[in-house]
Amino acid sequence: MSLKQFLLLLFTVLGLTGWLTATFNLLPPTVTFYLQFSSATLALLTIGYGALKALYTRIFSMDVLATIAIFASIFSGEYFPATIVALMLIGGEMLEDYAQQKSSKAIQKLVEEQPQTATVLRNGQEIQVKPQTVQIGETVLVKPGAKIPVDGIIQKGTAYINQASITGESLPTEKTIGTPVYSGTTVQQGAIYITTTAVGEESTYGKIISMVKDAKEKKAPIERTADKYAKYFTPLILLIGLTVFALTQDLLRMAAVFIIACPCALILSTPAAIVASIGNAAKQGILIRNGETLEKTSKIDTLIVDKTGTITKGQLEIADIQSFHPKYTPNQILQLAAETEKCSEHPFAKAITKTAQQKGLQIPHPDNFEHHPGLGVCITNNNDGTPIITGNTRLMQKYNVQITPNAQNYLTNHENKNTVILIAKQQTLLGAISLSDQPRENAKHTLTQLKKENGIKQIIMLTGDNKHVTNNIASLCAIDKAIAELMPADKAHKIQTLKNQGSTVAMIGDGINDAPALAQADIGIAMGLSGTEIAIETADIVLVTDDLSNLPKLLKIGKTTMTIIKQNITFALAINIIGIALSSQGLITPLMASIIHESNALIVMANSLRLLKIR
Ligand code: ADP
Ligand code: MG
């Protein structure tokens, strides 16, 4: 028990005993007087101490008003009401703390559920270590019922994995060799050996925790507004209360004004709602960086989407490989392409290197690697020093590679459905690879829903890919407008233009080439799984599982949060103003005032807790 709680208990017991013995004439009046008087004095000291402490740090807090109010009650001989007022204020504060804790519980739970140990295989032995000390590449064993401690890829075994902790989806899914698994998720059945790819703060679960923690610290603009009002509120109330006293000479009226006008509910109106929503969203796989982001989310009217990896699955299939040079077989073209793509994170690179590996081709490690976002890649090897270039026609132009009529024909034939990548050595075009990608299953449904139900007025696709594929995907997914062949800076520039025209823009993307646009947009949203590090770091919001259907959820959470905050503020202010008017007329006693004041704050808290339930 804290000192405050002890004092609260002591003055309540003293006060109640005094009141009961006085009411039923059980003790001599002097004794009941001392009981009530000492209770009220203790109450005054308890609240007054808090007020002094705040004044010492130059905060003119509501405790000052409360102290004056209790003092005024005692001075008017109203001892028992003075006790009750203090009881309501301190007890109420404790209740609010409790409710506040409940709203951050979603966040606390995330931290508490962090995996504590990892079983690693070292020198053929299973040893228990702390998850953050596991090295990348080490093998970790996860047994049934255990939490996966690191991010990794299954190298042996099959398991049913429950990913509720990062996706909110509680149905377990079967995962087997070669599939990625994420820290914080649980193996329900089966045991697996995984090759570690990320640990600690770099792991999926680590990132969730650090983002959610950051989110709590930074205040939303609306929250700052409420704080600002609260700051002016207290001196204003002091002035009103003193005026009432000057006009009526009634200390108790002044006391009632002070108590009912305390802006507790107003101060609580915003943070409770924001913390509840950020926690709720995190549990469903949506990481929102801070309250400001959440507030802006409610105003989005334009959605910009990237194509490859965002609207499409980004799991590309090689549809065709073509050689334009008599000395190169298609397999050799693939091998060259794989060599250039070895260091790239782009979905194309993954598809090409994977196919080359499956065909058993040797992929040497390049000595020099250069990445051109939105264009392609280029390597040079020290043994012969000639550049090998893999990318689109614009990259070929950049390196002065002639597009032969042969190649032009190939492009015309394949670019309708697929993305074609060209491979050149020095200035000679050697071959082409044609890659096909599919829209994500729920893309069309989600985008349609966003426009029908979530107030999105237009959806525009911005991509670095060619016009034909782009238009094809756009028409499959109910996208209003698509602009192709953009460089990373063009994407950002387009967003700036939309913002200048008065739109509030959200951009969702996954690649390095999306990072400038994500930063430029009012809200940047990154794909959490397929997204590159830089996209995730630049974004304000991360969809942990790449699930597009979280977009409508996100917008709903944003809108509802703002609605609830506005309800809270209106309600809190209205009660304050009506309360002040009635108290100054002598229609509310200090005792009633304290009850109304406390209920006001609790109603605001309860209203905010509704946000924990949005699905
Ligand atoms: P999106 O904007 O749709 O996500 P990107 O900007 O990532 O697409 O890619 C745009 C184009 O740049 C691709 O269609 C491809 O032609 C080229 N490109 C980008 N990265 C690579 C790469 N690693 N290898 C080959 N081509 C690439
Ligand atoms: Mg992309």
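Small disclaimer: the values here were computed from a predicted structure and weren't measured. Every number for a ligand or one of its atoms is a count from 1 in the order of the listing.
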Out of I352, T308, V420, indicate the one that has the non-hydrogen atom closest to atom 8 (O) of ligand 1.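 Closest candidate by heavy-atom distance is T308.
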Look at atom 17 (C) of ligand 1 and find which of N513, L375, T340 reaches it with the closest heavy atom.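 Considering heavy atoms of N513, L375, T340, the nearest to atom 17 (C) of ligand 1 sits in L375.
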Closest non-hydrogen atom pair between I192 and G157, with its separation: CG2-C, 3.8 Å
Quick check: closest heavy atoms across K425 and T386, and the distance to 0.1 Å? CE-OG1, 3.6 Å
Exercise: do [X] and [Y] side chains pair donor with acceptor under 3.5 Å:
X    : Y    : answer
D320 : N418 : no
D465 : T470 : no
D510 : S530 : no
Q284 : N280 : yes
S183 : D151 : yes

If we only consider heavy atoms of [X], is any one of them less than 4.0 Å away from an atom in ligand 1?
X    : value
K491 : yes
G511 : no
G374 : yes

Supply the atom-to-atom distance L294 CG to I288 CD1, rounded to the nearest 0.5 angstrom.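 L294 atom CG to I288 atom CD1 measures 5.0 Å (nearest 0.5 Å).
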Distance (rounded to the nearest 0.5 Å) between L316 CG and I433 CD1: 11.5 Å
Is there any N or O on [X] that sits under 3.5 Å from an N or O of ligand 1?
X    : value
D465 : yes
D306 : yes
H346 : yes
N392 : yes
S344 : yes
T463 : yes

T419: numbered ligand 1 atoms lying under 4.0 Å from its heavy atoms: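 Answer, ordered by atom number: 14 (O).
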By number and element, which atoms of ligand 1 are closer than 4.0 Å to a non-hydrogen atom of V377?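 Numbered from 1, ligand 1 contributes 23 (N).
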Confirm or rule out an N/O/S atom of N513, from backbone or side chain, lying less than 2.8 Å from the Mg ion (ligand 2).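 It does not; every qualifying atom lies at 2.8 Å or beyond.
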Tell me whether K451 is salt-bridged to D480, with the criterion being a basic N under 4.0 Å from an acidic carboxylate O. yes
Of all the non-hydrogen atoms in the protein, which one sits nearest to [atom], and at what distance?
atom                    : result
atom 11 (C) of ligand 1 : G464 O, 3.4 Å
atom 21 (C) of ligand 1 : G376 CA, 3.6 Å
atom 13 (C) of ligand 1 : F348 CE1, 3.4 Å

Is there a side-chain contact between T355 and L334 in this structure, where contact means two heavy atoms from C-beta onward sitting under 4.5 Å apart? yes
Out of the N/O/S atoms in D306, what is the name of the one closest to the Mg ion (ligand 2)? OD2
Can you tell me the N, O or S atom of D510 that's nearest the Mg ion (ligand 2)? OD1
Does atom NE2 of H468 have more than 12 heavy-atom neighbours from other groups under 6.0 Å away? yes
For ligand 1, the portion of K307 having any non-hydrogen atom under 4.0 Å away: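 K307 to ligand 1: contacts from backbone and side chain alike.
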Heavy atom under 4.0 Å from ligand 1: found in E341's side chain, backbone, both, or neither?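 The answer is the side chain of E341.
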I'd like to know if the side chain of H493 and the backbone of A489 have a donor-acceptor N/O pair within less than 3.5 Å.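 No.
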